[in-house]
Q: 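Just passing along the structure, written as structure tokens.
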Amino acid sequence: MCGIVGFIGDRQAKDVLIEGLARLEYRGYDSAGIAVLNKGEIEIYRSKGKLSVLKELISDKKIDSKIGIGHTRWATHGKPSDENAHPHKSKRISLVHNGIIENYLQLKNELIVQGYEFSSETDTEVIAHLIDSLYKDNLFEAVKNAIKKLKGSYAIAVISENEPDKIVVARYDSPLVIGVGENEMFAASDISAVLSYTRKFIFLEEGDVAILTKDSVYIENNGKEVKREIKVIDWNPVMAEKAGYKHFMLKEIYEQPRAIIDTIRGKYSLEEGEIYFGEVDYETIKDIQKITIVACGTSWHAGLVGKFYIENFAKIPVEVDIASEFRYRNPIITNKTLLIPISQSGETADTIAALRMSKKMGAKVVSICNVVGSTIARESDGVIYTHAGPEIGVASTKAFTTQLASLFLFALFLGQKKGVLGNSEIKTILNELIQLPEKIEEVLKHDKQIEDIAKEFVRYKNFLYLGRHYNYPIALEGALKLKEISYIHAEGYPAGEMKHGPIALIDKEMPVFVLGTKSRVYDKILANVEEVKARDGIVISTVTKGDKDIISKSDYSFVLPDTLEELTPFLNSIIIQLFAYHAANLLGLDVDQPRNLAKSVTVE
């Protein structure tokens, strides 16, 4: 999402920073800015909107600087605005920051007592003032002492008027690299930002703090000097944007553990067993009697899973509608209805129409969206941002699983507020949720196995996907993914409905993808597998570690980590995404831009 660029050397810093930020535009952002040391003083230029606005802002400025930092921001704390844009300054220092500081309010209150004044709504300004409060005569020591007080994630780059020959950088749980040049050094959140200047990079590790001068790099971790290998990257700029992956879709599949962490971070307390949604004023929705979810395509599938979550955890009745159908019938909407529109782009025409119609009928609106400042976000009473970052591939992957994560947490939030879930129960559920990204990493290790199996099936013309309960919508999503990018016909069905029609199609030319992970209806799924095998069908299955029965009756199986039944849709989603990806790639198709499809459907 957010992007960082830093430079120290003999070139004009503003030119390097602006070019670097332009290289990061593909990541998505709502504001941009730079800070440079010009004649011994830090000058900051920043603006809401696209980089072109920033360029216009500095076009007539006389800037002569050989050191600076730059940033593209995707709003987390505070709306998109000039004041909330980075860099932020505190007296002698300025910094840029990626990540989320979870204890920023506590730190902010402490700094206000010390006399610091705040001009933004961001957690980043807190870091600037914190470093300044600890800064005596050594910027490096001040940064090291400051980050000890931070909880959350950060990648920061800091400059000081008192020490104009260095940039101090640090990272924890947010990526940051150092570019090594000839008498010049770079810092960046993504190597694509500075790849046109150098191919030599140092990848900072968790807890690293570094000093960059134009001809040296010094790194410490946990108070001790460390040496990091300089790696030579043989990528062109397009490859760099894809982080070396062949396609954006594959990159985005692999980004899902991080995207889910970013989505859930700051919304819960494991110690207290509580869920927080600062974006939602519960007082305005506490009297709701019904929830209606509206969405299209993949987002509709997320909504179907969300229905299970909300009804299970909060005991509130939920309807899920395809937005294009909802707007043309006579839905029963009152002031006791909560509408939840779900849209990756926030610009989906049918979903916007459903939102506007429902508001006129008195509904409260809490949307789930990935784009700050989008139409749906602006017109909602509350917004839950998914923090997936930009999704370039047309076929949705990380946007989908972050929608699931948002719905899961919102269901817990409602259950907590309604008194359905107690703190101890929420703690148990949260313990499983925070392990989910690591379990997704484990599932991603099936990648080669999935590719090998996909090779066996790309010649087939039809597929059937089966799932039950929480994973019935994932069967729909699996079929959609295969259709979208491989152009292989596929249908998703609730497994219990197979005998009401689709079973007539099953033979040795109709592979059946069964989502067979553990569930309350496991025995029913097992019976469906036996029905398929009795008709010479080919079964590809997902199963939970320790399963023997479905594996013994399947032709191919993917063994997934054990987790709560409610969280199995996340793990199954990775498998069906990778299977569709490899099928399309093996067929030589344009994975990122499948024919006839658009990323944001802004027309009816």
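Along the sequence shown, the residues carry numbers beginning at 1.
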Q: Looking only at the side chains, is there a donor atom on one of Thr263 and Thr402 sitting less than 3.5 Å from an acceptor on the other?
A: no
Q: In plain terms, say whether Lys553 and Asp549 are close enough for a salt bridge, that is, a side-chain N and a carboxylate O under 4.0 Å apart.
A: no
Q: Minimum heavy-atom separation for Asp562 to Lys439, with atom names?
A: O-NZ, 2.6 Å
Q: Ignoring hydrogens and geometry, is there a side-chain-to-backbone donor-acceptor pair from Lys448 to Lys445 under 3.5 Å?
A: no
Q: Quick one: does NZ or CZ of Arg228 land under 6.0 Å from the six-membered ring centre of Phe203, within 45 degrees of the ring axis?
A: no
Q: Quick one about Thr298 and Glu477 (side-chain donor to acceptor, distance below 3.5 Å, no hydrogens or angles considered), yes or no?
A: yes
Q: Going by heavy atoms in the side chains, are Val532 and Met510 under 4.5 Å from each other?
A: no
Q: Walk me through whether Phe463 and His489 qualify under ring pair (Phe, Tyr, Trp, His ring centres under 6.0 Å).
A: CA-CA 6 Å; Phe463 266 79; His489 175 255; over 10 Å; no
Q: Hey, are Glu255 and Lys398 close enough for a salt bridge, meaning a charged N less than 4.0 Å from a carboxylate O?
A: yes
Q: Tyr581 versus Ile450: any side-chain heavy-atom pair under 4.5 Å?
A: no
Q: If we count only N and O atoms by modelled type, under 3.5 Å, do the side chains of Asp447 and His582 hold a donor and an acceptor together?
A: yes
Q: Taking the six-membered ring for Trp, are the ring centroids of Phe277 and Phe410 within less than 6.0 Å of each other?
A: yes
Q: For a quick check under 3.5 Å, do Ser174 and Ser153 share a side-chain donor-acceptor pair by atom type?
A: no
Q: Keeping to residues at least two apart or across chains, list the salt bridge (Lys or Arg N to Asp or Glu O under 4.0 Å) pairs with something in residues 297-307.
A: Lys307-Glu311
Q: I'd like to know if the side chain of Asp547 reaches the main chain of Ile550, judged simply by a donor and an acceptor atom lying under 3.5 Å from each other, with no hydrogens or angles considered.
A: yes
Q: Would you say the side-chain atoms of Glu442 pair up with the backbone N or O of Leu560, donor to acceptor, closer than 3.5 Å?
A: no
Q: Over 60° means perpendicular and under 30° means parallel, so tell me whether Phe457 and Tyr460 are parallel, tilted or perpendicular.
A: tilted
Q: For the pair Gln403 (side chain) and Gly303 (backbone), establish whether a donor and an acceptor sit closer than 3.5 Å, ignoring hydrogens and angles.
A: no
Q: Would you say the side-chain atoms of Thr386 and Asn370 include a donor-acceptor pair closer than 3.5 Å?
A: yes
Q: For residues Gln577 and Met249, report the shortest heavy-atom separation together with the two atoms involved.
A: O-CE, 4.0 Å
Q: Taking all non-hydrogen atoms of both residues into account, name the closest pair between Gly306 and Ile293 and its distance.
A: C-CD1, 4.4 Å
Q: Just by distance, do the side chain of Thr198 and the backbone of Val180 share a donor-acceptor pair under 3.5 Å?
A: yes
Q: Any salt bridge (Lys or Arg N to Asp or Glu O under 4.0 Å) involving residues 564-580? Give me the pairs, sequence neighbours left out, ordered by first then second residue.
A: Arg520-Glu565
Q: Check Ser396 against Glu391 and note the closest heavy-atom contact, atom names and distance.
A: OG-OE1, 3.1 Å
Q: So, are Asp321 and Arg329 salt-bridged, with charged N and O less than 4.0 Å apart?
A: yes
Q: Give the ring-plane orientation class for Phe308 versus Tyr470, where under 30° counts as parallel, over 60° as perpendicular and anything between as tilted.
A: tilted
Q: May I ask you to decide if Glu205's main-chain N or O and Asp208's side chain share a donor-acceptor pair within less than 3.5 Å?
A: yes
Q: Centroid-to-centroid, Phe579 to Phe513, below 6.0 Å?
A: yes
Q: Are Phe400 and His301 close enough that their ring centres sit under 6.0 Å apart?
A: no
Q: Quickly, which of Pro341, Ser367, Ser343 forms a side-chain contact (heavy atoms from CB on, under 4.5 Å) with Val294? Name it, please.
A: Pro341
Q: Do Ile384 and Ile340 come close enough that some side-chain heavy atom pair is under 4.5 Å?
A: no
Q: If I compare all heavy atoms of Lys251 with all of Lys242, which pair ends up nearest, and what's the gap?
A: CD-O, 3.3 Å
Q: Under 4.5 Å between any side-chain heavy atoms of Arg595 and Asp590, yes or no?
A: no
Q: When you compare the side chain of Val443 with that of Ile575, does any pair of heavy atoms fall below 4.5 Å?
A: yes
Q: Could you walk me through whether Leu466 and Glu497 satisfy the side chain to side chain contact (heavy atoms under 4.5 Å, CB included) test, starting with their C-alpha distance in whole Å, then the side-chain angles of each, then the deciding distance to 0.1 Å, before giving a yes or no?
A: CA-CA 9 Å; Leu466 299 178; Glu497 285 294 293; over 6 Å; no
Q: Please determine, by modelled atom types, if Gln344 and Ser299 share a side-chain donor-acceptor pair under 3.5 angstrom.
A: no
Q: Do Val512 and Ile506 make a side-chain contact, defined as non-hydrogen atoms from C-beta onward lying under 4.5 Å apart?
A: yes
Q: Are the charged groups of Lys267 and Glu102 less than 4.0 angstrom apart, N to O?
A: no
Q: Please report whether the ring centroid of Phe413 lies less than 6.0 Å from that of Phe313.
A: no
Q: Quick one: are the ring centres of Tyr465 and Tyr493 less than 6.0 Å apart?
A: no
Q: Is there a donor in the side chain of Thr397 and an acceptor in the side chain of Lys481, or the other way round, less than 3.5 Å apart?
A: no
Q: Over all heavy atoms of both residues, which pair between Leu304 and Pro473 is shortest? Give the atoms and the distance, please.
A: CB-CG, 3.5 Å
Q: Asp592 versus Val394: any side-chain heavy-atom pair under 4.5 Å?
A: no
